[in-house]
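The analysis underlying the following values was restricted to heavy atoms, covering all of them including side chains, and did not include hydrogens, waters or symmetry mates. We name chains A, B, ... by the order of the sequence lines, and we start the count at 1 in each one.
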Amino acid sequence: MAANGGGGRAIRVLNVAEKPSVAKTVSGILSMNQGIRIREGRSRYNKIYEFNYSIQGQSCQMMFTSVTGHLMEMEFEGRYRKWHSCDPVDLFEAPIHKHVPEDKLDIRKTLEEEARKCQWLVLWLDCDREGENIAFEVVEVCSNVNSQLNIWRAHFSSLIEREIHQAAQQLARPNQLFSDAVDVRQEIDLRIGASFTRFQTMLLKDAFDFNFSTDGRNLVLSYGPCQFPTLGFVVERYWEIQAHEPEEFWKIQCSHTSDEGTANFNWMRGHLFDYTCAVLLYEMCAQEPIATVTKVRQQEKLKYPPHPLNTIELEKRASRYFRMSSEQTMKIAEDLYQSGFISYPRTETDSFSTRTDLRILVQEQQEHPVWGPYAQRLLDPSSGLWRNPSGGGHDDKAHPPIHPTKFSPGESRWSEDHKKLYELVVRHYLACVSQPAVGAETTVEIDIAGETFSALGRTIVAKNYLEVYRFESWGGSLIPNYMFGQQFTPTSLTLESGITRPPPLLSESDLLDCMDKAGIGTDATMHDHIKKLTDRFYAIKEASHFKPTNLGEALVMGYDDMGYELWKPYLRSMMEEDMKAVSVGNKRKYDVLATCLQQMKACFLDARVNKAKLFQALEIFFDRTNRTGGDDQHNHGQLVRKCDVCHDSDLVLRKKPDGKFMIGCLAFPQASCRNVIWLPGSISEAVVTTTVCSACTPGPVFKIQFTFRRLEIPPNFNVHHLGCVGGCDDIMRQLTEVSGSGYRNFSNTPARGRGTAAPSRNNSQNNQQQATCNFCHQTGHSSSDCYSLTSQNRNPRSQRVNSSNGDSPIPCTTCGSLCILKTANTESNRGRKFYSCQSQGCKFFVCWVDSIPTTRGGGSSSATTTSRRSGRGGGQGGGDVRFVSATGDPVSGRSCFICGDPSHIANVCPNREMTLAPATSSTVMGPLVDMQAA
DNA sequence: GCAAGGTC
């Protein structure tokens, strides 16, 4: 800032912070807590601090107050605020303004009163884009009552004495570009959110019988650029789980027990999906089961403490360690912050400023009965426990990482959640400034018949931070000592099977992670978006994991079927990039707004044309109602043109309760305009498009895509017609003459080709309450639980494996349910057929059909119901059995190592059963041979 | 009855 000349009369300076706590702290620092007076403001929370200060030699009488976040809200003007006042598409252009909402009026009043008395205004808002935008809101309010104000911006990134004084002495001007970027976001969020929310709510709410309780709340099917991608993550994972087809794999497991203990050796190949290959390798090992130690490596390993805590980490860890929801975490954290026990809880920063006195925070914790002794050792230089914390690379330049600010052994008013969260913040902080845990690791590799196995042993040499950070552990076990070149016989060598499992549903921690990576929401709002999913009945939380409801899944499915990625995070990411471009001056605010809104409007109109996709998706899960209010969009109407009679309101396309279409003035019946165009009664569908008629004036007159009922129009007319009602369209005129208008049809002639069956079709097709399934026509389950619906019809995205129609199911040897023949579509096994249990709880993989033993010479390659696992592996016929590979070739020229017969391999040897342990779900062949005894 | 962003 320019110097203002020294001395002279003191000027009055109004200082405004983003929150009361900052006003208080900064006032304390600048006044050095001397001569400070506190006045009440109009608002209960926002006090006014008065003190004297000198800025670049200029004496200042400082008035320091605050707002509470944004002072203003963006809103549609007048009639557009009412849901039925306009077509939702109008919201892309409807006039908007910023205003101070009711609950902020007292803050505005304080600012106005103070601003009138001052010459300068200094803005101490947070140093981020939102802060800059709030700064301009404050400027607007203050300038309205005092246009002479000299306006300055203080830049500070932490509430540290030196930095605050520096900020006060180096005032700059507020940055309009930063603020513009936020204006862009606000406007886009409002227009997209309101238009899509009204559209889908009015379209679907009454059209379906939502068979869940709304707890007396009004059902709103909201859309938002943050909430929908958050829902998208939940649904996508759910689909991934549904699409998962378990695949069996095989691995060789080796263990060795000596006087010193047991070592479990893992196969370096991990596991193989090819059974035959695994058996071959296993046979080789089992035939020459001498293990030779090929490598012994001992090294020191460090396990580092976590980075300092930011909001997302706090939420994730509270969810993981205590199963606390992010919403509850933030509520408790806010309370702890308000009462002074922890620092500001909404921060992206995960590294401490070098100027922070880290030790003083530890000193305070020395008194604690549980972790106090650790804090004492931490401060003792001879313990060597201290370590300057490493940073995680994030810095919002406004707040430090979350850390304890005041010692407490636990307050009497604290809930269990308060205690847990305070303990987490303290222990996390102590861990951050501690040395990493030290472990001694021993890796031993052995070779058996050319196959490599390895075992890991670990002992913890120094726990260090793990002593205080009880939430983390570092498992490890001792293994016997081995020497390079040493040979031994394994205690057990088994071929084991496993089955690939689908990923779990998203936990809150996973969801926060997805949002963080995709840039959905901010640290202060992420938990709100998650909560919104449950509030809107889009998702439920079960055992700390999120699962989409039918409603949530159907909405995502509907948009997905339209081909839109409105439920994916890309839109938000693009907006974020545009905002950055605006904030650095690379793009202009109005250009970004215009482009984005134009694209979104086109998308909205497209979505409306394709609304049948939404209906189809919801019909899968819910019954249709007979209520005509279901398609409010049509009842309200889509804009066709400005009314050419009253010249005030709009002419809109409407669908009447009897299914006929008409175009009427929006002013009717409230106002007197009765302008109406009756459309042919033969129309089955009509949707206003974005195409503007080039002939009709005054424009724009939007063309309408009509669909006619074939039997009700002459054969030489097309059933599809892009028509205009402005007077230029001869086809429309002829069709109106031929089939009459909807009005005449309604009163005189019953419409042809129409019955009352339409609603009942849906009722019977989708009634989930019935005991008989509407899809497979079997009793005992509803269609929503029908397997065929789950795997194919209901979710077109889970067709990674297709059920084969032509083959009969076989009984499951595990659960008694039915196993059905499927075709794999995985990369490694594409086209192979296999049996798999259809029971959701069982998921038993039976076998690859092409690997099932066949009778030599019989030539049959058809699938049998034999299960390898059951030990009835076709081996009853003695040596008359062989294995065939997927290509039909013999897999090996080797003899059976059990009986020596060259016609088969050991897996199907008739003598094998004598050596087999009873089949279990995880161990197939072992322990095959007790090697020590052998 | 709509969004997301501040914050109390």
(message) Under 6.0 Å between ring centres: does that hold for A/Y223 and A/F228?
(response) yes
(message) I need the CG-C1' distance between A/L91 and B/dC2, as an integer number of Å.
(response) 9 Å
(message) Students often get this wrong, so: under 4.0 angstrom with heavy atoms, is A/D126 touching a base, only sugar-phosphate, or nothing?
(response) sugar-phosphate
(request) Pick base, sugar-phosphate or nothing for A/R572, based on heavy-atom distances below 4.0 Å to the nucleic acid. (result) sugar-phosphate
(message) Looking at B/dA3, I'd like to know if its phosphate oxygens (OP1 or OP2) sit under 4.0 Å from a side-chain N or O belonging to A/Q186.
(response) no
(message) Rounding to an integer number of Å, can you tell me how far A/L203 CG sits from B/dG1 C1'?
(response) 16 Å
(message) Using the side-chain heavy atoms of A/P225, tell me which of these nucleotides is nearest: B/dA3, B/dG6, B/dT7.
(response) B/dA3
(request) Return yes if some donor-acceptor pair links the side-chain N/O of A/H418 with the main-chain N/O of A/E416 below 3.5 Å, else return no. (result) no
(message) Taking the minimum atom-to-atom distance to the side chain of A/F76, which one of B/dC2, B/dC8, B/dG5 wins?
(response) B/dC2
(request) Look at the side chain of A/T68 and the base of B/dC8, then say whether one donor and one acceptor between them are separated by less than 3.5 Å. (result) yes
(request) Quickly work out the A/M515 CE to B/dA4 P distance and round it to whole Å. (result) 10 Å
(message) Is the terminal nitrogen or CZ of A/K19 (NZ for Lys, CZ for Arg) located under 6.0 angstrom from the six-membered ring centre of A/Y344 and within 45° of that ring's axis?
(response) yes
(request) Tell me which nucleotide among B/dG5, B/dC8, B/dG1 gets nearest to the side chain of A/H84. (result) B/dG1
(request) Would you mind telling me which of B/dG6, B/dG1, B/dA4 lies closest to the side-chain atoms of A/N218? (result) B/dG1
(request) Using atom CD1 of A/I192 as one end and atom P of B/dG5 as the other, report the distance to the nearest whole Å. (result) 13 Å
(message) Could you check whether any side-chain N or O of A/N144 sits under 3.5 Å from a backbone N or O of A/E140, counting only pairs where one atom can act as donor and the other as acceptor?
(response) yes
(message) Using whole Å, what does the distance between atom C1' of nucleotide B/dA3 and atom CG of A/D528 come to?
(response) 12 Å
(message) Can you tell me which nucleotide in B/dG6, B/dA3, B/dC2 comes closest to the side chain of A/T525?
(response) B/dG6
(message) If stacking means aromatic ring centre less than 5.5 angstrom from the base's six-membered ring centre, planes under 30°, is A/Y223 stacked on B/dA3?
(response) no
(request) Using only side-chain N and O atoms of A/R185, determine if any of them is under 4.0 Å from OP1 or OP2 of B/dG6. (result) no
(request) Answer yes if the side chains of A/N133 and A/S179 hold a donor-acceptor pair under 3.5 Å, and no otherwise. (result) yes
(message) Quick check for you: among B/dT7, B/dC2, B/dG1, whose closest atom lies nearest to any side-chain atom of A/P20?
(response) B/dT7
(request) Check every atom of B/dG1, B/dG5, B/dA3 against the side chain of A/W83 and return the nucleotide holding the closest atom. (result) B/dG1
(message) I want to check one thing: is the phosphate of B/dG6, taken as OP1 and OP2, less than 4.0 Å away from some side-chain N or O of A/R129?
(response) no
(request) Using a cut-off of strictly less than 4.0 Å, decide whether A/K82 has a side-chain nitrogen or oxygen near OP1 or OP2 of B/dC2. (result) no
(message) Using whole Å, what does the distance between atom P of nucleotide B/dT7 and atom NZ of A/K47 come to?
(response) 19 Å
(request) May I ask you to evaluate whether A/R536 reaches the phosphate of B/dA3, defined as a side-chain N or O under 4.0 Å from OP1 or OP2? (result) yes
(message) Counting the atoms with a prime plus P, OP1 and OP2 as sugar-phosphate, which does A/G131 contact under 4.0 Å by heavy atoms, base, sugar-phosphate, or nothing?
(response) nothing
(request) Kindly point out which of B/dC8, B/dG1, B/dA3 is positioned nearest to the side chain of A/L190? (result) B/dA3
(request) Would you mind telling me which residue lines up with the more 5' stretch of DNA chain B, A/R81 or A/H529, judged by nearest nucleotide? (result) A/R81
(message) Taking A/A207's backbone N and O only, do any of them form a donor-acceptor pair with A/R624's side chain (distance below 3.5 Å, no angle check)?
(response) yes
(request) Ignoring the backbone of A/D189, work out which of B/dC8, B/dA4, B/dC2 is nearest its side chain. (result) B/dA4
(message) Is A/Y344 close enough to B/dT7 that one of its side-chain N or O atoms is under 4.0 Å from OP1 or OP2 there?
(response) yes
(request) Send over the distance from A/I520 CD1 to B/dG5 P, rounded to a whole Å. (result) 9 Å
(request) Let me know, please, whether A/K532 or A/K104 comes out on the 5' side of the other along DNA chain B by nearest nucleotide. (result) A/K532
(message) Please tell me if A/S222 has a side-chain N or O lying less than 4.0 Å from either OP1 or OP2 of B/dG1.
(response) no
(message) Would you say A/Y80 and A/E75 are linked by a side-chain donor-acceptor pair, where the criterion is simply a distance under 3.5 Å?
(response) no
(message) Side chain of A/Y337, heavy atoms from C-beta onward: which of B/dC8, B/dA4, B/dG1 has the nearest atom to it?
(response) B/dC8
(request) Nearest whole angstrom, please: distance from the C1' of B/dA3 to the CZ of A/F196. (result) 13 Å
